[in-house]
Amino acid sequence: MGDNIGRIVIMEFKAQDSTAFDDMLAFVKQHPDFEKLEISYEPTLSLSSLEINLSRRRVINNGQEIELTVKEYDILCLLAANKGRVLTYEQIYDKVWGEISAGNEKDTVGFYIRNLRKNFVIQTLTFP
């Protein structure tokens, strides 16, 4: 008879289009020969050999997962998101700790950055 024709349909719906999305799913379910594939979106920052999976709070460096504390992870993400910019210790402290520094931000931020450097070497980021 006829040749099988494969087609891929990609649709993106906004939140206000949930009814249209439900209608499309109902249509697909009525036709068992249709295959529904879903792609999960996991936001990731990638820099050279470094990959930061934002939804899972995982850091991979040269294929190996690196264990970081919450503050180390937050600082790393902040620096990666601001690659090429100069951030002061005070700016890092304000963003990561969410409070105005009391004058000890250089020691506090410096401690965590030293720990990051011990965990791995990142040639694509410049630490303060």
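Note that these values count all heavy atoms, side chains included, but never hydrogens, waters or copies made by symmetry. If you're wondering where the values come from, they're calculated on a predicted model, not measured in any experiment.
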Please examine the side chains of Ile60 and Asn53, heavy atoms only from C-beta on, and report whether any two atoms are closer than 4.5 Å. no
Heavy-atom distance under 4.5 Å between the side chains of Leu76 and Val59, does that happen here? yes
Between [atom1] on residue [X] and [atom2] on residue [Y], distance to nearest 0.5 Å:
X	Y	atom1	atom2	result
Cys77	Ile52	SG	CD1	4.5 Å
Glu105	Thr88	CD	OG1	7.5 Å
Arg58	Glu67	CZ	CD	9.5 Å
Glu72	Ile113	CD	CD1	10.5 Å
Ile75	Leu116	CD1	CG	6.5 Å
Lys71	Thr108	NZ	OG1	10.5 Å

Heavy atoms of Ile92 and Leu78 approach each other most closely as CA-CD2, 3.8 Å
For the NZ atom on Lys95, are there more than 12 heavy atoms of other groups (residues, nucleotides or ligands in this structure) within a distance under 6.0 Å? no
[X]: side-chain hydrogen bond (donor to acceptor under 3.5 Å, both in side chains) partners, not counting sequence neighbours:
X	answer
Arg57	Asp74
Asn82	Arg85
Tyr93	Glu99

Please lay out, stage by stage, how Leu54 and Tyr73 fare under the test side-chain contact (heavy atoms from CB on, under 4.5 Å). CA-CA 10 Å; Leu54 300 172; Tyr73 177 83; 3.6 Å; yes
